[in-house]
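Okay, structure first, notes after.
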Amino acid sequence: MAMMIAGAASVTEQVCRSCGGSHIDTFLKLGTTPLADRLPSSIDDGEEEPVFPLSVAFCGDCSLVQITETVNPRILFADAYPYYSSFSQALLRHSRDNARDLIERRKLDASSFVVELASNDGYLLKNYVEAGIPVLGIDPAEGPAAAAEKIGVPTRLAFFSRELAEKLRQQEMRADVIHANNVLAHVADTNGFVAGIARLLKDDGVAVIEAPYVEPMIDHCEFDTIYHEHLCYFSVTALDKLFRRHGLYLNEIKHLSIHGGSLRLYVEMREHVGASVTNQIAHERARGIDAIDYYLDFSATVDKLKVELSTLLHRLKASGASIAAYGAAAKGATLINTVGIGRDVIDFVVDRNIHKQGKYMPGQKIPIRPTEALLEVQPDYVLVLAWNFLDEIMEQQAEYRTRGGKFIVPVPNPRIV
Ligand code: DWN
Ligand code: ZN
């Protein structure tokens, strides 16, 4: 990891974030884009939005897929970070089931200790609190951390690191379970983060980590999940090498449909690697996911999708249709800013997250409104930027559809449903 000069907004990596190797081949360039979760508060505040290069590369030594620019984590996650996990019922159900499964599997009780890295608004740890199991959340984002404390989830306002793990260990804190959902791909110091997990975990503890999987990202052209918060796009091959470097073992994986296709990783101090891992690594070798060739067509596939979507939207606009969008999602920011979808096409974006309402999408500055606006305005079409929650959104917006409204789903191929 390149040194982040104090006060620098970003650095361009010269070597691999995981293995430090210098065989880094860029296979996708998305230009420069604004920060996906930095929502302007007004259209004409005259403030220039910072933009950063967004390019994706493959490491020839450890096969890690990664972006080449590291934006200062303070800029990305501390200041006014607007993401609150609890605005998705599907995510809450998913998290509750995960917690209950682990309480069962690890026989957790009042003598146990569960830590979550990037615990956000307490969406997951609250399930352990309800079961009388001691927890600690760690999250650098003030708003979500305060929301967690409010519902009785003790949360430390901090970035997790090797140093913080040492401090907690000195305070006799070691975890039976460490959760880390949608954060391993987000950290500027990937090795320091994993080393910290190794220091904080009990010898017989388990780290249960969720992260998007690179295979569905490439196969389903989920290029909009590429933005500056997502530094790494993991394969099991790359993850296995990363954990072993810190005396940890990826012993089991589960495939999840959430967020366009994710992995749940079970990581321990003792090595007993199961078939779910060895089979997946063999699968990746067979498909060439551990080699650059697998990625070389991705740029052309992305360009094709961008043209198809832009053509569809402009054809509908030309026919006099009105179009809004659903989900002021970070992935939505990548989509609208790399395809060039502005206020001339999308009248407004709706989102249930009250911390996003009244603000604007990065770059294109499309206004964000409450979801009620869909029935108030009844636009002809709604582009689903949060396509990873399509089923939940379709169900929720049944009335809008009954009145004739139609949804446009952009990924893996633009279609009207
Ligand atoms: O990795 C990350 C993933 C886990 O979440 C973070 N870096 C940031 C964030 O990415 P995202 O913003 O693309 O994620 P979501 O969860 O797909 O965002 C969905 C958006 O849609 C949120 O703003 C909430 C909103 N929403 C809504 O308004 N009504 C979501 C659902 C399910 C709904 O019913
Ligand atoms: Zn590498």
Side-chain angles (χ1 to χ4, degrees), residues 1 13 15-25 35-39 57-66 73 76-77 81-95 118 120-121 123-124 141 144 180-187 190-191 210-212 217 222 224-235 237-239 241-242 245 256 258-260 262 290 292 325-336 349-357 359 361-362 368-374 382 384-397 411:
M1 175 189 89
E13 303 294 341
V15 299
C16 174
R17 296 170 181 286
S18 177
C19 73
S22 54
H23 300 104
I24 301 290
D25 291 306
L35 298 179
D37 266 324
R38 193 176 177 286
L39 307 177
F58 174 83
C59 170
D61 299 317
C62 76
S63 80
L64 178 67
V65 172
Q66 53 204 285
L76 284 178
F77 298 113
Y81 185 62
Y83 188 79
Y84 289 66
S85 304
S86 299
F87 282 104
S88 161
Q89 295 308 317
L91 190 59
L92 288 173
R93 275 195 306 277
H94 171 84
S95 308
N120 199 261
D121 58 8
Y123 72 104
L124 170 65
N181 294 341
N182 299 300
V183 60
L184 183 60
H186 297 59
V187 291
T190 314
N191 284 292
E210 291 183 14
M217 196 270 275
E222 301 169 354
D224 55 344
T225 63
I226 298 168
Y227 44 89
H228 297 97
E229 291 173 25
H230 289 172
L231 306 175
C232 298
Y233 304 79
F234 292 114
S235 63
T237 306
L239 285 162
K241 291 190 174 106
L242 170 61
R245 190 177 304 121
L256 308 172
I258 201 153
H259 294 309
S262 296
D290 59 351
I292 183 73
Y326 195 111
K331 60 178 71 66
T334 293
L335 193 82
I336 64 174
V349 176
V350 300
D351 198 291
R352 292 178 63 211
N353 180 339
I354 53 174
H355 307 278
K356 295 185 177 185
Q357 295 165 1
K359 298 199 169 172
M361 291 298 286
I368 304 168
R369 302 175 62 177
T371 50
E372 290 70 22
L374 288 187
V382 170
V384 184
L385 300 174
W387 47 266
N388 47 311
F389 291 118
L390 183 63
D391 298 347
E392 180 173 355
I393 293 166
M394 299 273 272
E395 199 185 311
Q396 179 197 106
Q397 296 300 328
V411 167

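Please read all numbers here as calculations on a predicted model, not as lab measurements. When a ligand or atom number is given, it counts from 1 through the structure's own listing order.
- At least one N or O atom of Gln396 sits closer than 3.5 Å to an N or O atom of ligand 1.
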**Message:** Set out, in order, the CA-CA distance, both residues' side-chain angles and the distance that settles side chain to side chain contact (heavy atoms under 4.5 Å, CB included) for Leu64 and Cys232, then state yes or no.
**Reply:** CA-CA 7 Å; Leu64 178 67; Cys232 298; 3.8 Å; yes

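- At a 4.0 Å heavy-atom cut-off, ligand 1 touches Asp351 through backbone and side chain alike.
- Geometrically, ligand 1 and His259 share no nitrogen or oxygen pair separated by less than 3.5 Å.
- Residues Ser63 and Ser235 come closest through the heavy atom pair OG-OG, 3.7 Å.
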**Candidate pair Ile258 and Leu91, rule side chain to side chain contact (heavy atoms under 4.5 Å, CB included), full reasoning** = CA-CA 8 Å; Ile258 201 153; Leu91 190 59; 3.4 Å; yes

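- Comparing Ala36, Ala386, Ala90 against atom 19 (C) of ligand 1, the shortest heavy-atom distance belongs to Ala386.
- Close contacts of ligand 1 with Lys356, meaning ligand atoms under 4.0 Å from a residue heavy atom, involve 22 (C), 23 (O).
- Nearest to atom 18 (O) of ligand 1 among the protein's heavy atoms is Ala329 CB, 3.6 Å.
- For atom 28 (O) of ligand 1, the closest heavy atom belonging to the protein is Arg352 N, 2.7 Å.
- Contact check for Tyr83 versus Asn120: side-chain heavy atoms found under the 4.5 Å cut-off.
- Side-chain contact of Ser86 with Asp121: a donor-acceptor pair under 3.5 Å is present, judged by distance alone.
- With the Zn ion (ligand 2) as the vertex, SG of Cys19 and SG of Cys59 span 100° to the nearest 10°.
- Between Ala330 and ligand 1, at least one pair of N/O atoms sits closer than 3.5 Å.
- Among Tyr84, Tyr227, Phe77, Tyr326, the residue whose heavy atom lies nearest to atom 33 (C) of ligand 1 is Tyr326.
- The proximity of Tyr81 to ligand 1, defined as any non-hydrogen pair under 4.0 Å, is limited to the side chain.
- Nearest heavy-atom pair, Asp351 versus Gln357, reported as atom, atom and distance to 0.1 Å: O-NE2, 2.7 Å.
- Among protein heavy atoms, the minimum distance from atom 9 (C) of ligand 1 is reached at Tyr83 CE1, 3.4 Å.
- Ligand 1 has no N or O atom lying under 3.5 Å from any N or O atom of Ser88, backbone or side chain.
- Within the listing of ligand 1, atoms 21 (O) sit less than 4.0 angstrom from a heavy atom of Gly327.
- When the heavy atoms of Gln89, Glu229, Glu395, Glu392 are ranked by distance to atom 7 (N) of ligand 1, first place goes to Glu229.
- Residue contact annotation: His230 has a non-hydrogen atom under 4.0 Å from ligand 1.
- The protein atom (non-hydrogen) at minimum distance from atom 31 (C) of ligand 1 is Phe87 O, 3.8 Å.
- The SG atom of Cys62 and the SG atom of Cys16 meet at the Zn ion (ligand 2) at an angle of about 100°, given to 10°.
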**Item:** Test side chain to side chain contact (heavy atoms under 4.5 Å, CB included) applied to Tyr326 and Leu385, step by step
**Value:** CA-CA 6 Å; Tyr326 195 111; Leu385 300 174; over 6 Å; no

**Item:** CA sep, side-chain torsions, deciding dist, call: Gln66, Ser18, side chain to side chain contact (heavy atoms under 4.5 Å, CB included)
**Value:** CA-CA 9 Å; Gln66 53 204 285; Ser18 177; over 6 Å; no

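- Polar contact check, Lys331 against ligand 1: a nitrogen or oxygen pair lies under 3.5 Å apart.
- Rounded to the nearest 0.5 Å, atoms OH (Tyr81) and CD (Glu229) are 4.0 Å apart.
- Taking the centre of each ring, His259 and Phe389 come in below the 6.0 Å mark.
- Side-chain atoms of Lys356 come within 3.5 Å of backbone N or O of Ala328 as a donor-acceptor pair.
- Across Pro212 and Ser262, no two heavy atoms sit closer than the pair CA-OG, 3.7 Å.
- Close contacts of ligand 1 with His186, meaning ligand atoms under 4.0 Å from a residue heavy atom, involve 1 (O), 2 (C), 6 (C), 7 (N).
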